[in-house]
There are 2 protein chains.
Amino acid sequence: MPEQANGAKRDTYRHGNLRHALLEVGIELARAGGPDAVVLREATRRASVAPNAAYRHFPRREALVHAVSLAAMGQLARAMEEGLAALPALSDRAEAARTRFRAVGTGYLRFARTEPGLFRTAFYVPDDMTEAEATVSAGAGGLTPFQLLGAALDDLVSCELMTPARRPGAEFLVWSCVHGLAVLLIDGPLRGLQDTQADQAAHDLIDMIEGGLR
Amino acid sequence: MPEQANGAKRDTYRHGNLRHALLEVGIELARAGGPDAVVLREATRRASVAPNAAYRHFPRREALVHAVSLAAMGQLARAMEEGLAALPALSDRAEAARTRFRAVGTGYLRFARTEPGLFRTAFYVPDDMTEAEATVSAGAGGLTPFQLLGAALDDLVSCELMTPARRPGAEFLVWSCVHGLAVLLIDGPLRGLQDTQADQAAHDLIDMIEGGLR
DNA sequence: TCCTTATGTAGACGGCGTCCACATTTGCGG
DNA sequence: CCGCAAATGTGGACGCCGTCTACATAAGGA
């Protein structure tokens, strides 16, 4: 029975729900330091468990990181959903669609800048599209970030704010633009921009996208 | 005098130019496996030198990775320049500007997909803007990727293919879009796309950007 | 009740980054 | 030309990591 600095000792031989505990700790680590910071030994330490115990639930470190990654993607989805939910109801349907589309982008960017560690982890050795649609990476509404964007684009088309001809594959193009800004802002040469400047850049970027979509 | 599997033994106690050798090996490692693959011990091994010798030239591993990163950025610049140089001379000035602008983007994306390890390394814990303009990260023409893009945008404005009002800060927006697609293609959910599909996406993305800029 | 199975522990191995002490050169001031 | 300080490379150690094998303990069904 290993003593624990964290004060969280255990009286039973069994942990109870180690897998879940490791996931929680992993999220905590990723939040603070990105994917590389989710370290098996540290996770087991915080869970008051021997290092090897982790291997009963994850075949290797990468599997834990992957699980954390899906959870992080879910948190991203949730953050975007919250941004959408906070929107005022607009009577003009086209205006509402446009507002929702913009909120999808700004929500994405806000999460990236608020939780850079989780954001980076969400895209760490990420799954191909099929797995990215797993329920774990969805928000409360059951939609992944990708699907939220797709829905916003559909709205745009139905309100004639976007040419239907451009619709196929458009999520990937829009996603690229927004994701690129997010990456440049948190890791790249735009890192350290003031909030107001970053917001301005986000605004201008979405303007540009809207113009290119029309 | 340590034996070396690599066959490259040394008869002098001094290496000669270890710093340069480590950089070369570092680039090789980054090329094959990205920034995380730039491992001090392996680099010194390949340079036929004791692990600690590296510390005479780089205070810590991160410093070596950083040097490799600048070199990788330089290679990116060179690749873009080559793409520009290969363009046919067009009589119509506006058409030429447009073609050059597109070539900047496609060159960037081609390098990302051709040399993903180096591309990822180029953006690993990257410098802020000022250092990114260092001569190391420039191509043969002395311009960094960022500056190449800026020049292309200036051309667009002077040919009235872009509103001057949109010019300030536009490189960051365009950069975001192209960079985002690059990241999604090599690391993200678009990884594993066929060449033709990736080219199509690149084409469509640049179309969209052009539309948004006008 | 007993035995299979799930779960956690103990100890070891090799690899890594980094520190300290020591060895060998180089090159400069006299 | 000499001698000595500074530059450069070596050797060994430490603590951390991921992972393997062997073993211990608990839970639950026959």
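These numbers were taken from a predicted model, which means no experiment stands behind them. Quick note on labels: first sequence line is chain A, next is B, and so on, each numbered from 1.
- Side-chain atoms of Arg45(A) lie closest to dC17(D) of the nucleotides dT9(C), dT18(C), dC17(D).
- When each of dG17(C), dT10(D), dG18(D) is scored by its nearest atom to the side-chain atoms of Ala50(B), the top-ranked nucleotide is dT10(D).
- Considering only heavy atoms from C-beta on, Leu22(A) stays 4.5 Å or farther from Leu40(A) through its side chain.
- Distance from the side chain of Val49(B) is smallest to dT10(D) among dG18(D), dA22(D), dT10(D).
- The separation between Leu64(B) atom CG and dT18(C) atom P is 11 Å, rounded to whole Å.
- Nearer to the 5' terminus of DNA chain D, by closest-nucleotide assignment, is the contact made by Ala53(B) (compared with the other of Glu42(A) and Ala53(B)).
- Residues Arg98(B) and Glu210(B) approach most closely at NE-OE1, 2.7 Å, considering heavy atoms.
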_Dot-bracket for DNA chain C, please. Rules: Watson-Crick or G-U, both distances under 3.5 Å, ( ) within the strand, [ ] when a pair crosses earlier ones, | for another strand, . otherwise._
||||||||||||||||||||||||||||||
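- Atom P of nucleotide dC19(C) and atom CG of Leu40(B) are separated by 11 Å, given to the nearest angstrom.
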Give each protein N/O atom lying under 3.5 Å from an N/O atom of nucleotides 11-13 of chain C, with the pair distance.
| unit_1 | atom_1 | unit_2 | atom_2 | d |
| --- | --- | --- | --- | --- |
| dG11(C) | O6 | Asn52(A) | ND2 | 2.6 |

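- Residue Phe58(A) contributes atom CZ, which lies 12 Å from atom P of dT7(C) at whole-angstrom precision.
- Residue His57(A) contributes atom NE2, which lies 13 Å from atom C1' of dT9(C) at whole-angstrom precision.
- No more than 12 heavy atoms of other residues, nucleotides or ligands lie within 6.0 Å of CZ in Arg100(B), so this atom counts as exposed by the packing criterion.
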*Can Ile186(B) and Arg191(B) be said to form a side chain to side chain contact (heavy atoms under 4.5 Å, CB included), step by step?*
CA-CA 5 Å; Ile186(B) 67 180; Arg191(B) 169 188 36 150; over 6 Å; no
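- Protein atom CZ of Arg56(A) is 12 Å distant from nucleotide atom C1' of dT25(D), rounded to whole Å.
- Remark: the backbone N or O of Leu118(A) is not paired with any side-chain donor or acceptor of Gln75(A) at under 3.5 angstrom.
- Pairing each heavy atom of Arg46(A) with each of Glu28(A), the nearest pair is NH1-OE2, 2.8 Å.
- More than 12 heavy atoms of other residues, nucleotides or ligands sit less than 6.0 Å from atom CZ of Arg61(A).
- Taking the six-membered ring for Trp and the full ring otherwise, the centers of His66(B) and Tyr124(B) sit at least 6.0 Å from each other.
- Per the geometry, CZ belonging to Arg61(A) stands 18 Å off C1' belonging to dC20(D), to the nearest Å.
- In this structure, Leu29(B) places its CG atom 11 Å from P of dC16(C), rounding to the nearest Å.
- Between His179(A) and the options Phe119(A), Phe172(A), Phe146(A), a ring-ring contact (aromatic ring centres under 6.0 Å, His included) holds for only Phe119(A).
- Side-chain N/O atoms of Tyr55(B) include none lying less than 4.0 angstrom from OP1 or OP2 on dC19(C).
- Atom CD of Glu62(A) is separated from atom C1' of dT19(D) by 14 Å (rounded to the nearest Å).
- Minimum atom distance to the side chain of Val39(A) is reached by dG18(D), of the listed dT19(D), dG17(C), dG18(D).
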